[in-house]
Amino acid sequence: GTGKTRRRPNKASMLVTLANYWIQGQFWLCAGFERPQPLRLGNTHHTMHWGSLLAAAAAAATPQERQLAGVSTSATSGQRWKTERKRRFEGVVGLTNIDRPRWPRPRLKCARAAVCTTINALTKPIEIVANASDWCLVVVGDAITPGDAYQRLARQKPDKVAYLSLEDQRRLPYETSAAMPERHFGRKNVGYVYAAHAGASQIFDFDDDNALLSPTALDGLKPSTKVQLASGKGPVNPYPWFGASKAWPRGLPLDSLNSANASIATTKSTVQLGAVQGLAQRDPDVDAIYRLAPRNALPLPFFFDRKAASENLIALSSKTMAPFNAQATLWFRDAFSALYLPTTVHGRVSDIWRSYAAQAAFRCQGLSLAFSPPVVEQDRNAHDFMGDYMSERPLYEEAGALVEYLLAWPCPSGSSLATAFERLFVDLYERGFIEVQDVGRLQAFLRDLIRATDHGAALPGRANRHKRGGWRSGAGSR
C-alpha cells in the first residue's frame with residue numbers, strides 16, 4: 001500500500017523472529033503445553049506449534065544462516081561460550097616510567113606473611129596463624145568487618161599482626177587501596193601489597209575458615225624443589241592424586257570431569273615453583289554442583305590422604321592446567337605479580353580466573369604450580385548452595401573455553417611476569433572474561449608491587465605510634 005518494495009525475509013531473519021517468539025513462549029512449553037500463535041513472517045501469517053515451526057525453519061536454513069541467527073542446530077541445545085575478540089582495549093599497556101617515591105616500610109618485617117580478608121568476627125583459623133612462629137599476619141577488613149577483636153590482636157602482637165581497616169587502607173600510600181571496590185573479596189589485593197612491602201618472600205593466601213593442620217604445616221616448602229610431574233594435555237583434576245576419586249575442585253571445566261586425567265611420573269624432577277595449592281580436609285573446595293548432588297553419590301565431608309606436604313608435591317606440566325584457590329595457597333616472591341584477584345567478577349569466580357591466568361603467565365617464566373597434601377581443615381562458613389551456584393555460573397559456562405585459550409596463549413617476547421600478566425588481562429578483557437576496570441586495577445597493583453621493593457624506614461605514624469617509632473595498622477582507639 002505504501003509503494004515501497006519489501007524484500008522477502010531470508011531464513012536467518014525468520015529464525016531470529018522464531019527464536020524471539022520461542023523465548024516468549026518457553027514457559028508454556030516447559031509446562032507441557034504447545035500454544036499455537038499466529039506469527040507474521042514476511043507477508044504471510046502462520047499458525048503452527050512452536051516446536052514444529054522452529055524445527056522446520058532450522059532444518060530449512062543453511063549452517064551459515066543458523067549461525068547468523070544465533071540459533072542452535074538443535075532445538076534442545078544451546079551454544080557454547082566462544083573465546084573470540086569482542087572489543088578492543090583503548091588504554092595504555094606497559095609498566096614503564098613508574099614514579100618511585102621513597103615509601104617508608106611497614107612496621108612488620110616478615111620473611112613469610114599470611115594474608116586474608118574477612119567480614120566475620122575473629123576466627124580460630126586466624127588466631128592459629130597469628131600464633132604460628134616465623135609468620136606475620138595481615139588481615140584486610142572491609143566495610144562491615146567487626147574490627148575490635150582484630151585491633152586488639154594487632155596491639156597484642158604489634159611486630160607480627162597487622163589489621164587493615166578501611167580507614168587504615170585509605171591512609172596507605174598504595175594506588176591499590178583506592179582502586180579496590182568495597183564489599184568485595186578483591187580488597188585482599190591490598191593485603192598482598194602490604195605483605196610484599198613488609199619484605200615477605202612467601203605469602204600464604206588463606207581464608208578465615210581454613211585452619212592450618214599444624215603451625216608447621218607449610219614448613220619445608222621452597223621455590224626450588226623436587227616434585228613429581230603430572231603430564232597430560234588440557235584441564236586436569238588433582239583431587240584423585242590425593243585419594244579423593246569422586247571429587248573435583250571448584251573451577252574445573254564441567255566437560256572435563258570425566259577426562260581430566262594425567263599421568264604422574266614415578267621419579268622426581270627439580271622445578272621452580274610459583275605457587276603451591278594446599279588441599280583442605282573435611283570440607284574441601286568443591287563447586288555448588290557437587291554440594292547440591294546426592295550425598296550417597298558424592299560424599300561430603302571427605303578427607304584426602306594425610307602426608308607431609310613438602311615431600312609429596314605434584315606439579316603440573318606446561319601443557320596442563322588445574323584451578324587453584326585463594327583459600328590455602330602459598331606463593332613465592334617470583335610469582336607475586338600474579339597474585340591480583342579480579343574485582344569485576346564474583347568472588348567465587350575471581351580466584352579461579354586468577355589461577356588460570358597465573359598458570360599461563362608462569363609458563364612464560366618457567367614457573368610451575370604444584371599441589372600438596374592437605375595443609376588446612378575447612379570449617380566452612382555458612383553458604384546458600386543455590387546462591388553459590390548462581391555466582392559460579394561463569395565457571396560452568398566459560399572455564400573450558402578459558403583454559404583452551406590460555407594453553408595456546410603466546411608468551412610476549414622478553415616479558416617479565418608482570419608484563420605478561422598485564423597483557424593477559426588485556427586479552428581477557430577483550431574476550432569478555434573480565435571488565436575494563438580490572439585492567440586498570442591490575443596496573444595499579446603492579447605499580448605498587450614495583451614501588452614496594454624500594455624499602456625505607458617504617459611507615460609514617462598517625463595518632464598511634466610504637467614507642468620506637470613507626471606506623472602500626474590496627475592500633476586505633478578502642
N381 versus D209, closest heavy-atom pair with distance
N-OD2, 3.0 Å
Distance-only side-chain donor-acceptor flag, Y389 / D384, under 3.5 Å:
no
Please determine if D219 and R112 form a salt bridge, counting it only when a charged side-chain N lies under 4.0 Å from a carboxylate O.
yes
When the ring planes of F304 and F302 are compared, do they come out parallel, tilted or perpendicular, using 30° and 60° as the limits?
perpendicular
Within a radius of less than 6.0 Å around CG of L213, do more than 12 heavy atoms belonging to other residues, nucleotides or ligands occur?
yes
Can R306 and Q281 be counted as having a side-chain donor-acceptor contact under 3.5 angstrom?
no
Is the closest basic N to carboxylate O distance between D208 and K124 below 4.0 Å?
no
Note: R380-D388 ion pair, threshold 4.0 Å (strictly below)
yes
State whether D287 and R393 are salt-bridged, where the test is any N-O pair (Lys NZ or Arg NE/NH1/NH2 against Asp/Glu carboxylate O) under 4.0 Å.
no
Show every donor-acceptor pair shorter than 3.5 Å between a side-chain atom in residues 128-141 and any protein atom, with sequence neighbours excluded, or say none if there are none.
unit_1, atom_1, unit_2, atom_2, d
N131, OD1, K157, NZ, 3.2
N131, ND2, E127, O, 3.1

Charged N-O contact under 4.0 Å between E430 and R88:
no
If the threshold is 4.0 Å, N to carboxylate O, is there a salt bridge linking R282 and D379?
no
Say whether T176 and D448, considering side chains only, have a donor N or O and an acceptor N or O under 3.5 Å apart.
yes
Between K307 and E311, does any side-chain N to carboxylate O distance fall below 4.0 Å?
no
Pair R291 + E392, salt bridge at N-O below 4.0 Å
no
Could E175 and R441 be called an ion pair, given the rule that one side-chain N must be under 4.0 Å from one carboxylate O?
no
Tell me whether R80 is salt-bridged to D255, with the criterion being a basic N under 4.0 Å from an acidic carboxylate O.
yes
Looking at F362, W353, W331, Y356, which hits ring pair (Phe, Tyr, Trp, His ring centres under 6.0 Å) with F324?
W331
Any side-chain donor near an acceptor of the partner, T117 and D142, under 3.5 Å
no
Is any side-chain N of the basic residue among R250 and D351 closer than 4.0 Å to the acidic one's carboxylate O?
yes
